[in-house]
Amino acid sequence: MAKYFYEGNLNEPINYRKKGSIEYYIRGTIQVDGRIYERYGIKTHFIQVGEDYIELMNRYVLPFIEEGDIVSTSEKVISMCQSNVVFMKDMKLSWLTKLMSRFGTETESGIGITEPYKLQLMIDMNGMGRVLYAGAAGAFGKLIGRQGVFYEILGEEAAGIDGFYNHSAFEAYHTMATLNPSEPDKVCNEILEKCHIPLMIVDANDINVNILGKANVLNSISDETLAALIYDNPAGQDDECTPFIIIRDITGKKPEPYTPKKPIVQAAAC
């Protein structure tokens with residue numbers, strides 16, 4: 001399956017739709033395990049720190065979903081609602097961190113430890129010694145052709161740091177980072193109980209999709225299958241404000257008209 005990269009916002013006006021008060025964008029179909037699924041990106045406001053994810057589900061998702069739908073949400077939304085964020089102004093950047101960040105390398109999925117505040121946050125969370133060890137092991141791993149050793153050692157919490165990007169389309173993320181959401185499975189089951197929405201929380205970008213949590217009702221579906229449903233990152237990487245993706249099985253039905261955005265590059269098939 002090929003993966004494509006796009007420049008700018010995915011919200012093409014030709015794909016815009018409205019259902020009552022709900023604004024959304026058609027994100028096209030995808031075939032998984034012999035079934036055809038259509039995806040819809042629900043347009044929201046920019047979600048702020050401390051908002052209520054139950055209220056957001058009731059406001060944006062409940063009026064749209066149908067029986068059998070699966071809902072995917074960005075981990076950022078849940079972390080913002082949980083106030084699970086860190087601000088630059090609350091951090092102290094050491095001279096050693098500044099020096100170390102000069103030796104980092106950018107990855108395909110982000111700036112990584114070349115951003116000193118992101119590196120400092122990893123040090124604050126793991127300790128200087130562990131980060132130095134992870135850096136040395138990561139450098140050795142690259143020499144023998146093994147990628148990702150640095151984050152394997154530091155774990156999901158370090159890998160889940162998202163923000164401190166001065167090139168972000170949202171100014172808030174220039175000086176703020178979100179951490180992984182707390183107890184993501186518990187959040188999904190709370191939303192299922194209160195809103196009857198089968199939710200998965202994902203960390204997705206144009207390179208990878210990781211399932212961080214899912215409602216118990218989705219346990220019969222493997223994480224690999226769930227990730228395949230949003231393989232092409234339909235939430236987008238720019239300022240789309242479409243963090244809720246509705247995934248609907250339309251096998252045997254006609255999909256809505258959809259005009260895909262023209263990709264700028266195609267990655268190697270996997």
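Each residue takes its place number in the sequence, starting with 1. All of these numbers come straight from a predicted model, not from anything done at the bench.
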Where do F244 and V77 land on the side-chain contact (heavy atoms from CB on, under 4.5 Å) test, with the steps shown first? CA-CA 9 Å; F244 303 131; V77 167; 4.1 Å; yes

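- Residues passing the salt bridge (Lys or Arg N to Asp or Glu O under 4.0 Å) test with D162, sequence neighbours excluded: K76.
- For the pair N15 (side chain) and T259 (backbone), a donor-acceptor distance under 3.5 Å is present.
- The backbone N or O of N84 lies less than 3.5 Å from no partner atom in the side chain of S79, so there is not a single donor-acceptor pair.
- For the pair T242 (side chain) and A235 (backbone), a donor-acceptor distance under 3.5 Å is present.
- Cluster membership check: Y25 does not share its hydrophobic cluster with F46, using side-chain heavy-atom separations under 4.5 Å among Ile, Leu, Val, Met, Phe, Trp and Tyr.
- M128 and V86 fall within a single hydrophobic cluster, where Ile, Leu, Val, Met, Phe, Trp and Tyr side chains are chained together by heavy-atom contacts under 4.5 Å.
- Residues A227 and I211 share a closest heavy-atom pair of N-CD1, 3.9 Å.
- Applying the side-chain contact (heavy atoms from CB on, under 4.5 Å) rule to H196 yields no partners; only residues at least two apart in sequence or on another chain are considered.
- Residue pairs meeting the side chain to side chain donor-acceptor pair (under 3.5 Å) criterion with at least one partner in residues 47-56, sequence neighbours excluded, are H45-E51, Y53-E190.
- Contact between F164 and F87 at its shortest, heavy atoms only, is CE2-C, 4.4 Å.
- Between the OG1 atom of T175 and the CE atom of M91 there is a distance of 11.5 Å, given to the nearest 0.5 Å.
- Taken together through direct or relayed side-chain contacts under 4.5 Å among Ile, Leu, Val, Met, Phe, Trp and Tyr, I153 and I144 form parts of separate hydrophobic clusters.
- L99 and I123 end up in the same hydrophobic cluster when Ile, Leu, Val, Met, Phe, Trp and Tyr side chains are linked at under 4.5 Å.
- Listed by chain and residue number, nothing satisfies the ring pair (Phe, Tyr, Trp, His ring centres under 6.0 Å) test with F150 (two or more places apart in sequence, or in another chain).
- Nearest heavy atom pair, residue P181 against residue I201, reads CG-CG2, 4.1 Å.
- In this view, A215 and C188, N189, L192, V217 satisfy the side-chain contact (heavy atoms from CB on, under 4.5 Å) rule, not counting sequence neighbours.
- Summarising the geometry, atom OG1 belonging to T29 is positioned 12.5 Å from atom OH belonging to Y37; distances are rounded to the nearest 0.5 Å.
- Contacts of R17 classified as side chain to side chain donor-acceptor pair (under 3.5 Å), with partners at least two apart in sequence or in another chain: E256.
- The side-chain heavy atoms of L229 and I221, taken from C-beta on, include no pair separated by under 4.5 Å.
- Side-chain N or O atoms of R27 include none that pairs as donor or acceptor with a backbone N or O of R39 at under 3.5 Å.
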From CA spacing to verdict: side-chain contact (heavy atoms from CB on, under 4.5 Å), N58, K194: CA-CA 9 Å; N58 286 331; K194 294 182 179 179; over 6 Å; no

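- Here the side chains of E115 and I161 are not in contact, with every heavy-atom distance at 4.5 Å or above.
- Using a 4.5 Å heavy-atom cutoff, the side chains of V61 and C195 are not in contact.
- When atom types are taken as modelled, the side chain of K43 and the backbone of N11 share no donor-acceptor pair closer than 3.5 angstrom.
- Considering only heavy atoms from C-beta on, K142 comes within 4.5 Å of Q147 through its side chain.
- Shortest non-hydrogen contact noted between D239 and F170 is CA-CZ, 3.5 Å.
- Annotation for L10 and G236: closest pair CD1-CA, 3.6 Å, computed over non-hydrogen atoms.
- The CG atom of L96 sits 9.0 Å away from atom CD of Q120, with the distance rounded to the nearest 0.5 Å.
- In this structure, the side-chain contact (heavy atoms from CB on, under 4.5 Å) partners of E66, at least two apart in sequence or on a different chain, are D69, R248.
- By the side chain to side chain donor-acceptor pair (under 3.5 Å) test, Y173 is found to be paired with no residue, residues two or more places apart in sequence or in another chain being considered.
- D185 meets the salt bridge (Lys or Arg N to Asp or Glu O under 4.0 Å) test with no other residue; sequence neighbours excluded.
- Annotation: side-chain contact (heavy atoms from CB on, under 4.5 Å) contacts of E157 (sequence neighbours excluded): M125, N180.
- With a 4.5 Å cut-off on side-chain heavy atoms, Q82 and V187 count as touching.
- Side chains of L199 and M57 form a contact here, defined as non-hydrogen atoms less than 4.5 Å apart.
- Once rounded to the nearest 0.5 Å, the distance linking CD of E12 with CD of E240 reads 10.0 Å.
- For the atom pair Y60 OH and T44 OG1, the distance stands at 5.0 Å (nearest 0.5 Å).
- With a 6.0 Å radius and a threshold of 12 heavy atoms from other residues, nucleotides or ligands, K186 has its NZ atom at or below the threshold.
- Separating the OG1 atom in T97 from the CE atom in M122 is a distance of 11.0 Å, to the nearest 0.5 Å.
- Under the 4.5 Å side-chain heavy-atom criterion for grouping Ile, Leu, Val, Met, Phe, Trp and Tyr, F64 is connected to L62 within one hydrophobic cluster.
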As a quick check of understanding, evaluate side-chain contact (heavy atoms from CB on, under 4.5 Å) for M176 and V49, giving each step before the final call. CA-CA 11 Å; M176 178 183 70; V49 175; 4.0 Å; yes

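- Take E193 and apply the side chain to side chain donor-acceptor pair (under 3.5 Å) test, not counting sequence neighbours, and it matches no residue.
- Side-chain contact check for E23 and Y16: at least one donor-acceptor pair (N or O, by modelled atom type) lies under 3.5 Å.
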Please test I191 against I54 for side-chain contact (heavy atoms from CB on, under 4.5 Å), starting from the C-alpha separation and ending with a verdict. CA-CA 6 Å; I191 290 171; I54 298 296; 3.8 Å; yes

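- In this structure, the side chain of T251 engages the main chain of I36 through a donor-acceptor pair within 3.5 Å.
- Remark: E152 engages R146 in a salt bridge (Lys or Arg N to Asp or Glu O under 4.0 Å) (not counting sequence neighbours).
- In terms of heavy-atom proximity, A204 sits nearest to V209 at CB-CG2, 4.0 Å.
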